[in-house]
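Only this structure's heavy atoms are used, side chains among them; waters, hydrogens and symmetry mates stay out.
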Protein chains: 2
Amino acid sequence: MNELTKFYKLLSDETRIRILMLLKRHKLCVCELCGIMEETQPKISKHLAKLRDLEIIKDERQEQYIFYSLNTDNPLYLLTLNIIYDKLDQFPILKKDFERGKFPEKFFISAKS
Amino acid sequence: MNELTKFYKLLSDETRIRILMLLKRHKLCVCELCGIMEETQPKISKHLAKLRDLEIIKDERQEQYIFYSLNTDNPLYLLTLNIIYDKLDQFPILKKDFERGKFPEKFFISAKS
DNA sequence: TCCTTATATACCTATATGCGTATATAAGGA
DNA sequence: TCCTTATATACGCATATAGGTATATAAGGA
């Protein structure tokens, strides 16, 4: 399977779309994503790994936290994500994600301690 | 699953990409596609069904033949297929498909009888 | 009507994929 | 060093998916 079909395969899952759309607005760490999306940590981690492996996103460790952001090096990926962003009405749950993601630091665990 | 993720799911298979790219150039019937692609009839039929069900392609019966063509009503589908068309180097097998598809009627069974 | 041809689809199998539970790994701090 | 925390990953399971063989269905013709 080549890169393009792999890319579309990754886009065929709603959870990953949600992740990508949230990362399009903010760089976020795993715990923030889990909090915003109300999903389990292993689930989010596994999806992030797939996205990172194809270099759609990139990671950056800061202490014990790993922040993820969109990789802006691939024009095709960016274009396609923009296309999806224009079709957000197809993902009602993303409305809630964005609301909860307005202040992502609320879900930043260390911020609570 | 919504339409967009369904669409990407369909694009994550090489056989279906090949079909779509061939249909981008010519309206073709099943036997022509099978001949051009050197694939089995049930395989091609099943892929065509999936594409038709999501209205990415449309069918048109002419006697005992069913011709398939791209559905041009959805701008997003068209745009995406154009994007793929610009990345054909990722699908070496398509080079052969296009060669064999230059004269699709060669694989039109009735033309041989 | 029956036979032939084009195509769709049923049925089955092997493989892929999403997700949960549990645990391993990496980093920080006492 | 040991404990805690953040995150990755192993393992297992249920479901989805691609593709092959066989057959059903639709259309044409004698």
DNA chain D contacts among residues 18-30 of chain A, heavy-atom distance under 4.0 Å: A:Cys29, A:Val30
Any side-chain N or O of B:Thr15 less than 4.0 Å from the OP1 or OP2 oxygen of D:dG19? yes
Measuring from the side chain of A:Pro42 (C-beta onward, heavy atoms only), which nucleotide among D:dT7, D:dT9, C:dA8 has the closest atom? D:dT9
Among the nucleotides C:dT21, D:dA6, D:dA18, which one has an atom lying closest to any side-chain atom of A:Tyr65? D:dA6
Considering only side-chain heavy atoms of A:Ile66, which listed nucleotide, D:dA6, D:dT7, C:dA8, is closest? D:dT7
Let me check I have this right: for DNA chain C, each base becomes ., (, ), [, ] or |, based on Watson-Crick or G-U pairs with both distances under 3.5 Å. What is the full string? ||||||||||||||||||||||||||||||
Does OP1 or OP2 of D:dA16 have a side-chain N or O of B:Lys9 closer than 4.0 Å? no
Side-chain N or O of A:Arg16 less than 4.0 angstrom from OP1 or OP2 on C:dG18? yes
Salt bridge or not between B:Arg18 and B:Glu39? Use side-chain N to carboxylate O under 4.0 Å. yes
A:His47 has its side chain closest, among C:dG18, D:dA22, D:dT7, to C:dG18
Among D:dG28, C:dT9, D:dT7, the one nearest B:Ser45 by side-chain distance: C:dT9
Among C:dA27, D:dA18, C:dG18, which nucleotide sits nearest the side chain of A:Arg61? C:dA27
For D:dG20, does either OP1 or OP2 sit under 4.0 Å from a side-chain N or O belonging to B:Thr40? yes
Report the nucleotide, chosen from D:dA6, D:dG20, D:dA10, that has the shortest atom-to-atom distance to any side-chain atom of A:Lys46. D:dA10
